[in-house]
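Quick caveat: nothing in here was measured; it's all calculated off a predicted structure. Every number for a ligand or one of its atoms is a count from 1 in the order of the listing.
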Amino acid sequence: MANIYAVILAAGQGTRMKSKLYKVLHPVCGKPMVQHVVDNIHSLDVERIVTIVGHGAEMVKEQLGDKSEYALQAEQLGTAHAVQQAESALGNEEGTTLVICGDTPLIRPETMQALLAHHNEQNAKATILTAVAENPTGYGRIIRDEAGQVAQIVEQKDANDAQKLVTEINTGTYCFDNKALFETLKLVGNDNAQGEYYLPDVIEILQKQGEVVTAYVTPDFNETLGVNDRVALAEAETLMQARIQETHMRNGVTILAPHSTSISADAVIGRDTVLKPGVVIEGHTTIGEDCIIGPNSHITNSTIGNATAIKNSVVTDSTVGDETAVGPFAHLRPQSDLGNNVKIGNFVEVKKSVLQEGAKVSHLSYIGDAKVGKDVNIGCGSITVNYDGKNKFETVIEDDAFIGCNSNLVAPVTVGKGAFVAAGSTVTKDVPADALAIARARQENKLDYVNKLK
Ligand code: UD1
Ligand code: CA
């Protein structure tokens with residue numbers, strides 16, 4: 001195949017979204033639409049990608065980084081005008097240029113590949129990716145001549161009644177002979193219902209010039225959904241979610257209740273892991289093999305080892321080892337780092353703390369800014385007192401220490417290796433290794449006192 005270039009249209013505000021966020025940055029399954037498009041194109045063998053930016057240019061560039069080059073469309077005069085902005089970057093290249101909208105996140109790389117192959121086979125100057133829609137409202141319609149050849153594309157707002165009945169739509173993805181594209185763009189006018197320079201007009205111009213213009217009809221309309229408003233955004237989310245889940249299931253992940261499960265586009269999940277109902281996995285999360293997640297767990301940007309169980313819990317920006325149990329009703333806040341065989345039980349909150357292999361915090365505790373050694377046992381209701389209202393301080397609990405129930409460890413403080421803190425203690429001084437610390441009032445029994453009170 002000839003050299004392939006790609007132009008992504010992403011300069012529009014997206015008025016119909018009624019949003020402060022620029023349209024192409026709205027996430028679908030946790031990933032901005034335009035990022036889906038760029039990632040998909042990256043999986044093809046393309047020489048260069050140019051993204052047309054305008055509204056929110058800086059934010060779009062920040063999102064895509066060096067995965068694309070950029071051309072600015074300062075004023076949004078239409079899709080043809082948008083592509084024209086790539087001329088200084090691509091105008092002199094020889095090859096095939098794929099043009100795709102930043103608001104069609106579901107088009108698969110395989111479909112783009114099929115479009116390119118069709119374009120090559122037909123030796124065409126332009127090939128449109130089309131689909132047949134049950135309800136074509138809003139899309140440009142593909143108008144064919146008696147011989148069945150593509151003659152033009154008519155936008156919804158410019159279509160007459162007969163044209164509106166056509167169900168074959170323009171998906172907004174095309175490939176062009178690069179030189180022919182930039183030559184023809186110069187001839188596109190804006191005499192239409194929206195007063196815009198329409199990219200689809202290139203098709204009619206080339207056709208009238210006697211060039212070969214073809215369409216590749218993709219069988220799956222769902223893949224070509226253009227997201228113009230929040231209703232379509234929800235549809236895209238549902239379709240993409242189903243696709244993500246299918247991929248995980250085919251890779252050996254059990255998902256008990258697909259409709260109540262949400263998995264981000266960037267998540268990685270190992271074989272034989274079971275997702276129970278109500279699981280939400282967000283961001284760049286990696287989960288190992290043989291885990292049981294849920295019911296009702298919410299895991300964000302975290303790494304979970306193998307054979308670990310996370311029940312009814314929230315885990316954010318954290319790392320959890322192998323064969324570890326979290327929950328039910330635990331909260332791992334950012335920078336929690338749990339080793340293997342750790343147990344975090346119900347109503348336990350952990351923040352910015354390391355818990356080494358075999359450590360147990362089974363009930364009702366707060367562990368913040370702490371280093372907890374191997375096989376430490378922290379009794380029910382214990383708290384690392386890490387905050388004096390101004391600053392945070394660290395608690396260190398060395399290997400094999402035992403913290404009795406309902407203890408306060410007032411940081412900065414260290415409990416030495418193998419030490420024992422008696423239940424109910426408020427520890428304000430370091431405890432040496434192997435020592436017993438008792439820091440509570442002594443019990444006094446006043447005999448018969450209750451009778452005196454009566
Ligand atoms: C467009 C097509 C329509 C097709 C549909 C598929 C045109 C005129 N119409 O309509 O035939 O059926 O996509 O989804 O092309 N953009 C710019 N600069 C502009 C205008 C738009 O960068 O000046 C970008 C937008 O950010 C968007 C894309 O181009 O990502 C498409 O624009 P949009 O306004 O959504 O076009 P549609 O009305 O959906
Ligand atoms: Ca659109």
I'd like to check the ring pair (Phe, Tyr, Trp, His ring centres under 6.0 Å) partners of Tyr387; sequence neighbours left out, ordered by chain and number.
none
Counterpart residues, side chain to side chain donor-acceptor pair (under 3.5 Å), relative to Lys351 (two or more places apart):
Asp369
Excluding water, the protein N, O or S atoms sitting under 3.0 Å from the Ca ion (ligand 2) are Asp103 OD2, Asn228 OD1
List the steps, then state whether side chain to side chain contact (heavy atoms under 4.5 Å, CB included) holds for Asn40 with Val38.
CA-CA 5 Å; Asn40 287 339; Val38 170; over 6 Å; no
Hey, which residues fall under 4.0 Å of ligand 1 on heavy atoms?
Leu9, Ala10, Ala11, Gly12, Arg16, Lys23, Gln73, Gln76, Leu77, Gly78, Thr79, Ala82, Cys101, Gly102, Asp103, Tyr139, Gly140, Glu155, Asn170, Thr171, Gly172, Tyr198, Pro200, Asn228
Is there side-chain contact between Ile344 and Leu338, with heavy atoms separated by less than 4.5 Å?
yes
Could you grab the distance from atom CD of Glu196 to atom CG of Asp191, nearest 0.5 Å is fine?
13.0 Å
So NZ of Lys164 and CG of Asp158: to nearest 0.5 Å the spacing works out to 9.5 Å
Non-hydrogen side-chain atoms of Gln35 and Gln63 separated by less than 4.5 Å:
yes
Plane angle bin for His118 and Tyr216 - parallel if under 30°, tilted between 30 and 60°, otherwise perpendicular:
tilted
Decide if the gap between the ring center of Tyr5 and the ring center of Phe176 is smaller than 6.0 angstrom.
no
